**Q** 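Before I ask anything, let me first share the structure, which is written out below as structure tokens.
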Amino acid sequence: MRIDVVTIFPEYLQALDVSLIGKARREGLLDIRIHDLRDHTSDRHRTVDDTPYGGGAGMVMKPEPWALALEAIAASAADADDASGARPVLLVPTPSGTLFRQSVAQELAGADHLVVACGRYEGIDERLFEWAADLFEVRLVSLGDYVLNGGEVAALAMIEAVGRLVPGVVGNPESLVEESHSDGLLEYPVYTKPSSWRDRDVPEILLSGDHGRIAAWRHDQQLARTRSRRPDLLPPESVESTETAGPTT
Ligand SMILES: O=C(OCc1ccccc1)c1cn[nH]c1
């Protein structure tokens with residue numbers, strides 16, 4: 001998978017050189033390219049923003065530098081994108097996007113080419129997204145109901161969530177199967193040695209070796225946790241009962 005990131009703070013994306021994503025880049029599983037939006041300006045001050053029409057505080061990102069940056073990326077990937085037959089996905093982290101969830105990460109992991117646009121200030125001129133629709137599948141996506149100063153932190157989160165699902169990136173694919181949200185429930189509690197730690201013991205069931213009962217206990221834990229912390233994830237009829245099945249704090 002190729003991932004291009006456009007930003008005015010390229011150094012923010014250095015985290016993508018580290019750990020599993022960094023290893024996948026070095027192994028060629030992920031082709032991640034970082035672009036400085038200011039390289040697509042033509043004035044002496046490398047201007048990327050201006051005041052908002054209609055007034056209001058803050059600044060808006062000008063559409064032209066973005067269009068030049070995106071055109072350059074589309075041109076550099078044209079052969080590969082043509083071969084894949086699908087338009088690249090333009091992924092735009094923004095508070096006004098649809099909610100990013102594991103299901104969205106799974107979907108995006110199937111794309112051949114992602115282009116991530118990191119907005120700053122009050123956002124990007126809306127016309128850019130209208131213009132981009134001819135070249136890209138445009139996806140405005142929110143990490144959650146809070147506001148960051150720019151899209152870079154959200155881009156790191158989304159790239160990690162998507163990148164780790166690309167085959168070969170995570171060594172043991174088994175660890176991708178049983179994880180939070182993959183079955184729509186929160187993950188069960190996990191424990192490791194020592195079995196007794198500061199007078200707190202690991203639940204006996206986990207030391208029993210009875211894998212059937214362990215699986216059942218873990219599923220009960222998932223349900224109890226999801227009920228208490230994220231009832232919104234459960235279908236309506238299954239929320240009223242509040243029996244607990246062990247440590248669910
Ligand atoms: O703040 C966010 O993105 C940065 C951003 C982009 C455009 C204008 C302002 C801020 C964000 C919050 N949830 N998901 C993304």
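Every heavy atom of this structure was used, including side-chain atoms; hydrogens, water molecules and symmetry mates were not. Just so you know, ligand 1 is whichever comes first in the structure, and atom 1 is the first atom listed for that ligand. Source: prediction; values computed, not measured.
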**Q** Would you check if the side chain of Gln222 reaches a backbone N or O of Leu186 as a donor-acceptor pair within less than 3.5 Å?
**A**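 Side chain of Gln222 to backbone of Leu186: a pair is present.
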**Q** Using side chain to side chain contact (heavy atoms under 4.5 Å, CB included) as the criterion, list what pairs up with Tyr53, not counting sequence neighbours.
**A**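 With sequence neighbours excluded, Tyr53 shows a side chain to side chain contact (heavy atoms under 4.5 Å, CB included) to no residue whatsoever.
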**Q** When you measure from the side chain of Thr47 to the backbone of Asp49, do you find a donor-acceptor pair of N or O atoms at a distance under 3.5 Å?
**A**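 No.
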**Q** How long is the gap from OH on Tyr12 to OG1 on Thr7, to the nearest 0.5 Å?
**A**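 It comes to 9.5 Å.
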**Q** Please list, chain by chain and in numerical order, all residues satisfying side chain to side chain contact (heavy atoms under 4.5 Å, CB included) with Asp112, sequence neighbours excluded.
**A**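 Result, side chain to side chain contact (heavy atoms under 4.5 Å, CB included) vs Asp112: Ser84.
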**Q** Can you name the residues that form a side chain to side chain contact (heavy atoms under 4.5 Å, CB included) with Asp17, not counting sequence neighbours?
**A**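 Per chain and number, Asp17 pairs via side chain to side chain contact (heavy atoms under 4.5 Å, CB included) with Gln14, Arg25.
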**Q** Protein residues near ligand 1, heavy-atom distance below 4.0 Å?
**A**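 Residues near ligand 1: Pro93, Thr94, Pro95, Tyr121, Glu122, Gly123, Ser142, Leu143, Gly144, Tyr146, Val147, Leu148, Gly150, Gly151.
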